[in-house]
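This report refers to the structure that appears directly beneath it.
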Amino acid sequence: MGQRIGIALIGLGTVGSGVVQILEDAVGRDMRLQSVDLVGVAVRDLSKPRTVQVKADLLTEDAFALIEKPEVSIVIEVMGGIEKPYALIRRALELGKHVVTANKALLARHGQELFALAKAHRVQIRYEAAVCGGIPVLQPLQQCFGANRVTSAIGIVNGTTNYILTQMAERSLAYSEALAEAQSLGYAEADPRADVDGNDAQEKIAILSSIAFRLPLPELDKIYREGISAIALGDVRYAQQLGFAIKVLAFAVRQQDGRIDLRVHPTLVPLEHPLSRVDGAFNAVVIEADPVGQIMFYGSGAGSGPTASAVVSDVINICAELAYPVQPVVVEAMDFPGYLPIEEIRTRFYIRLKALDLPGVIGHFGRIFGDHGVSLESIVQKNPHGDAAELVIITHNVQESQMRSALTEIREGTYLKEFCTAIRVLPEG
Ligand SMILES: NC(=O)c1ccc[n+]([C@@H]2O[C@H](COP(=O)([O-])OP(=O)(O)OC[C@H]3O[C@@H](n4cnc5c(N)ncnc54)[C@H](OP(=O)(O)O)[C@@H]3O)[C@@H](O)[C@H]2O)c1
């Protein structure tokens, strides 16, 4: 057998345990795994019981000392967090070690700097697991789509929110009940904000878009973000009656003028669209590219085995390149005209509001929408109770800024009893 490749594994939690299971049982997998040696595994607490067996002399609480070992060629960072993994990965790259990480939160903030450092030290940094866990999407985009120009990547990239919305739709659970269930099943953290507020999806679409459009990573504040906590069971029900499922979609769409529209928010997806049928904790991304057309990636976006599958595939790719080095991809952004502000997007909207049940009320709202250039596809009065009427409205494509000004006038008007929800609908055409 040729050169041995030493691995330092930083973290032995959900993902790290899956990585050890694959490395310890290489038979039947890629031959290159048989030249890989686990040099050591860093954890936070040596006394903690483990779900996988690792020889005691491999375990350490000193991750920095581990990555310094000369026999380590590849550092796998699956510890999570930002500051410590940032320092560790920097040090590993400076030492000339290749790095594999699943850490989207870190990459979305410091990725560009780490990529430059990797290039300067002529080593690789790979991160397939950071977007959609077990679904191979970054590497295919980089390699198999090489002949294409990607026009859009739209996906369900957060399994927790998809699980919650699926339970609301299928079992009529209220948002709070579905969230509590997701927490008890381990799909949602005790502090669920990163998922339900859309931060996790924002980090993933930042990384995915940079690969899709061959651009440097966008700053996170360029990506509009909206979470799911305002979605009521009533919205899910009305959406179903109107022929839609509510999904949190992450959008990366190239405009005619070259600008890129990046955003994450709940979206009404027509039931005939393939993303409407991606349920539970699953993830999916639909890529549109020229000339290949539409391609959908679907699978497990998280979990020990699926995420470890992506991590180890990065290790194998590094092993392959150590044998036959290729030039690193150079990301150019020379003529890039920038990102599309949320006010300039064009989309349909679903609006639910409670109005005073008076004659002329529908005409009143219709006039306001018309004055702001918002054309309505349908307006339906639901469940009138007492002196309030619930109105459910679907618009045609409209510019976001026009919709916002119409909603401001509606909120200030006398006919409104309660403004409930505004959710974007997948645009027409
Ligand atoms: N879980 C998933 O399905 C998934 C999917 C995609 C991406 N990711 C990403 O993968 C990374 C790891 O996630 P995870 O779910 O595996 O996390 P986890 O279960 O919480 O495991 C973290 C591991 O890192 C170790 N650790 C923490 N701080 C450390 C330190 N200062 N020094 C050494 N070791 C330290 C912990 O040690 P102890 O065991 O001693 O506490 C633990 O073994 C995160 O960046 C996450 O975003 C996870």
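Each ligand, and each atom within it, is numbered from 1 in the order the structure gives. Everything numeric in this text was worked out from a predicted model, so none of it was measured.
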Requested in this report: Mind listing the closest non-hydrogen atom pair of Ala201 and Asn158 along with its distance?
Outcome: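 Taking every non-hydrogen atom into account, CB-CB, 4.5 Å.
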>> Less than 6.0 angstrom separating the ring centers of Phe349 and Phe369, yes or no?
In response: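 Between Phe349 and Phe369, the centre distance exceeds or equals 6.0 Å.
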Handout entry: is_close_aromatic(His273, Phe244), centroid dist under 6.0 Å
Key = no
For [atom], which candidate among [options] provides the closest heavy atom?
| atom | options | result |
| --- | --- | --- |
| atom 1 (N) of ligand 1 | Thr14, Val19, Asp45 | Thr14 |
| atom 13 (O) of ligand 1 | Thr60, Val15, Leu9, Leu59 | Val15 |
| atom 42 (C) of ligand 1 | Ser17, Ala105, Gly13 | Gly13 |

Query raised in the report: For Arg109 and Glu203, what are the C-alpha separation, side-chain angles and deciding distance, and is it a salt bridge (charged side-chain N to carboxylate O under 4.0 Å, His left out)?
Result: CA-CA 8 Å; Arg109 288 164 183 81; Glu203 291 158 3; 3.0 Å; yes
For [X], is the nearest heavy atom under 4.0 Å from an atom of ligand 1?
| X | value |
| --- | --- |
| Glu61 | no |
| Ala42 | yes |
| Glu77 | no |

May I ask you to check whether Leu12 has an N/O atom sitting below 3.5 Å from an N/O atom of ligand 1?
yes
Taking distance alone, with N or O pairs closer than 3.5 Å, would you say Gly81 contacts ligand 1?
no
Name the residue from His265, Arg424, Gln202 that meets the side chain to side chain donor-acceptor pair (under 3.5 Å) definition with Glu226.
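Of His265, Arg424, Gln202, side chain to side chain donor-acceptor pair (under 3.5 Å) with Glu226 is met by Arg424 alone.
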Checking a contact table here: which protein heavy atom is nearest [atom], and how many Å away?
| atom | result |
| --- | --- |
| atom 34 (N) of ligand 1 | Val43 C, 3.1 Å |
| atom 10 (O) of ligand 1 | Ala102 CB, 3.5 Å |
| atom 6 (C) of ligand 1 | Thr307 CG2, 3.4 Å |
| atom 45 (O) of ligand 1 | Gly80 CA, 3.3 Å |
| atom 12 (C) of ligand 1 | Val78 O, 3.3 Å |
| atom 25 (C) of ligand 1 | Gly11 CA, 3.8 Å |
| atom 29 (C) of ligand 1 | Met79 CE, 3.6 Å |
| atom 37 (O) of ligand 1 | Arg44 N, 3.0 Å |

Any protein heavy atom < 4.0 Å from atom 17 (O) of ligand 1: no
Q. In terms of ring plane angle, is the pair Phe115 and Tyr127 parallel, tilted or perpendicular, where the classes change at 30° and 60°?
A.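 Plane angle under 30°, so parallel.
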query: Hey, what's the ring geometry for Tyr86 with His110, parallel, tilted or perpendicular (30° and 60° as the breaks)?
result: tilted
Could you tell me if [Y] and [X] have a donor-acceptor pair between their side chains, going purely by distance under 3.5 Å?
| X | Y | answer |
| --- | --- | --- |
| Gln139 | Glu128 | no |
| Gln124 | Glu321 | yes |
| Tyr187 | Glu181 | no |
| Glu343 | Ser401 | no |

Per-atom contacts, ligand 1 versus [X] - under 4.0 Å to a heavy atom:
| X | result |
| --- | --- |
| Ala129 | 6 (C), 7 (C) |
| Gly303 | 2 (C), 3 (O) |
| Ala302 | 3 (O) |
| Lys104 | 6 (C), 7 (C), 8 (N), 47 (O) |

- request: Find out whether the Lys NZ or Arg CZ of Arg263 is both under 6.0 angstrom from the six-membered ring centre of Tyr224 and within 45° of the ring's axis.
  value: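 No; the conditions do not both hold, so Arg263 does not lie above the ring face of Tyr224.
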Determine whether the side chain, the backbone, both or neither of [X] has a heavy atom under 4.0 Å from any heavy atom of ligand 1.
| X | answer |
| --- | --- |
| Arg50 | side chain |
| Lys48 | side chain |
| Ala63 | neither |
| Lys84 | side chain |

Open item on the list: Would you say that Val392 contacts Leu242 through its side chain, given a criterion of any heavy-atom pair below 4.5 Å between the two side chains?
Closed with: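 Heavy-atom side-chain distance check passes, below 4.5 Å.
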Is the shortest heavy-atom distance from the side chain of Val54 to the side chain of Val20 under 4.5 Å?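 Result yes, sub-4.5 Å side-chain heavy-atom pair found.
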Atom CD of residue position Glu344 - does it have more than 12 heavy atoms of other residues, nucleotides or ligands inside 6.0 Å? yes
